[in-house]
Amino acid sequence: MSGEKGKLWGGRFAEGTDALVEAFSASEHYDRRLYAHDIRGSKAHSAMLAKVGVLSADEVEAIHLGLDDIQRDIESGVFPWDPAREDVHMNIEARLTEKVGDAGKKLHTGRSRNDQVATDIRLYLRDQVDALLVSLKSLRAALIDLAEREADTIFPGYTHLQPAQPVTAGHHLLAWEAMLTRDTGRLADLRKRLNLSPLGAAALSGTSYPIDREMTAATLEFEAVIDNSLDAVSDRDFAIEFCSFASILMMHFSRVCEELVMWASPQFGLIALPDRYCTGSSIMPQKKNPDVAELTRGKTGRVYGALTALLTLMKGQPLAYNRDNQEDKEPLFDALDTVSAVLGVMNGMLPAIVFRADACRAAAGKGYPTATELADYLVRKGVPFRDAHEMVGKTVALAVEKDVDLAELSLDEIQSNAPLAEADVFDVLTLEGAVAARDHIGGTAPNQVRAACERARARLD
Ligand code: ARG
């Protein structure tokens, strides 16, 4: 090791790094989580160097044994992380040389930290994406099961948060599942652009060694190599795309959680959340608060923040690598940690929601939600829709005045505004009749909800 204070790049420096600068530029305290992927990348790179004759078989063996040793040290908590070595890459490389001597100094041949870090983040994010895909799928499966169980449960449907028309709880749950299906598609799609190898781009222009980029790409299970070396080291679109996916996912969960908070409140009383997903108050003994739902709603902001941070990080950067890029990791990791924690609790909490069927039915009946049914009935008797709308409006006003439901009016009272109504009008004024009538693809009728569950299940894979 040459130069000041043992820096791997110290050769041309005459004085040590300022202490504040050392702290300012160090990233090892957060990028150390890339260690396993960094080691995997280094093994692939050194094995390739041996194959093309740049390293000897003995050297590559020493490097691999040393890296295994380092991985064990990191995992058992005895690795001597050193902020003076800046980042995870130089911590591992410097330690490798301490462990295996000169062979360690050859690891970085034909490579730069610029292609190394781009490779590490892609490998790390790919593993995380795969775990999230599994988690999303299990949540969707659980929502489909719950929707099937609640396919007949009459539930209030809202527009403007005013009672609109009755739906079934299963239908509402499948709308949530549809959001997550789109999120899954976005995640699977960004994985394709993520899963490409920057390794071999070196600092920016490639390298004069006879490297085999296809070999390292295949070893690391990348789909292909990134064509342009300048692009390979500077592209962070994949991180932005991930945060974009994560922001939309969180927006969906935030909406779902907003509904849970309302539905679980005593005023709505439509659902019970399991105790294990709620917390109490330190002063009010009666309280059972939906904190998990509220925290999820709250955490949405920090994920949007990560997306904004990354977009802003990239917007002013000329090609190729700039140190700015070190700032990509904390927002990306925070977004990752947040969505994986949220998916974890959602997988537990959402399938455990208990629908209070009687309360749901009572709420669905409030606010004259069968008014559209009455209008459609009059249309079937030959009344033009606009006239029917007017007649039913008057009928609703009468019911409001008498403080009764539409079905509690007498036939005479209904006929006073809608002369074509007959005794069979009461058949359409039931909640069950209203939902069963929406019997087409995408409609809320229980048999349609069951069919939709089947379709949703079929597209899980
Ligand atoms: N820690 C750096 C990062 O995350 C690694 C690459 C540094 N490259 C350089 N030329 N200084 O971006």
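First listed ligand is number 1; within each ligand, the first listed atom is number 1. Just so it is clear, the model here is predicted, and its values are computed rather than measured.
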*Mark yes when over 12 heavy atoms from residues, nucleotides or ligands other than Asp358 sit less than 6.0 Å from its CG; otherwise mark no.*
no
*With a cut-off of 6.0 Å (strictly less than), are more than 12 heavy atoms of other residues, nucleotides or ligands near CZ of Arg455?*
yes
Could you identify the single nearest non-hydrogen protein atom to [atom] and state the distance to 0.1 Å?
| atom | answer |
| --- | --- |
| atom 2 (C) of ligand 1 | Gln326 OE1, 3.3 Å |
| atom 11 (N) of ligand 1 | Arg113 NH2, 3.5 Å |
| atom 8 (N) of ligand 1 | Asn114 OD1, 2.9 Å |

*Check Arg32, Arg323, Arg113, Lys329 against Asp87 for a salt bridge (Lys or Arg N to Asp or Glu O under 4.0 Å) and give me the one that passes.*
Arg113
Checking the N or O distance criterion of under 3.5 Å, is ligand 1 in contact with [X]?
| X | value |
| --- | --- |
| Asn325 | no |
| Arg323 | no |
| Tyr321 | yes |

_Quick check with a 6.0 Å cut-off and a 45 degree axis cone: is Arg33 positioned over the face of Tyr124's six-membered ring?_
no
*Just checking, Arg182 and Phe245: is the charged tip under 6.0 Å from the six-membered ring centre and within 45° of the axis?*
no
_For His172 and Trp176, take the angle between the two ring planes, folded into 0 to 90°, and tell me which bin it lands in: parallel under 30, tilted 30 to 60, perpendicular over 60._
perpendicular
*Heavy atom of Lys329 under 4.0 Å from ligand 1?*
yes
*asked:* Determine whether Arg302 and Met250 satisfy the following criterion, side chain to side chain contact (heavy atoms under 4.5 Å, CB included), listing intermediate values before the conclusion.
replied: CA-CA 10 Å; Arg302 63 196 289 163; Met250 289 300 295; over 6 Å; no
*Distance filter under 4.0 Å to Ser27 heavy atoms, resulting ligand 1 atoms*: 1 (N)
_For Asp87, the ligand 1 atoms whose distance to one of its heavy atoms is below 4.0 Å_ = 1 (N), 2 (C), 5 (C)
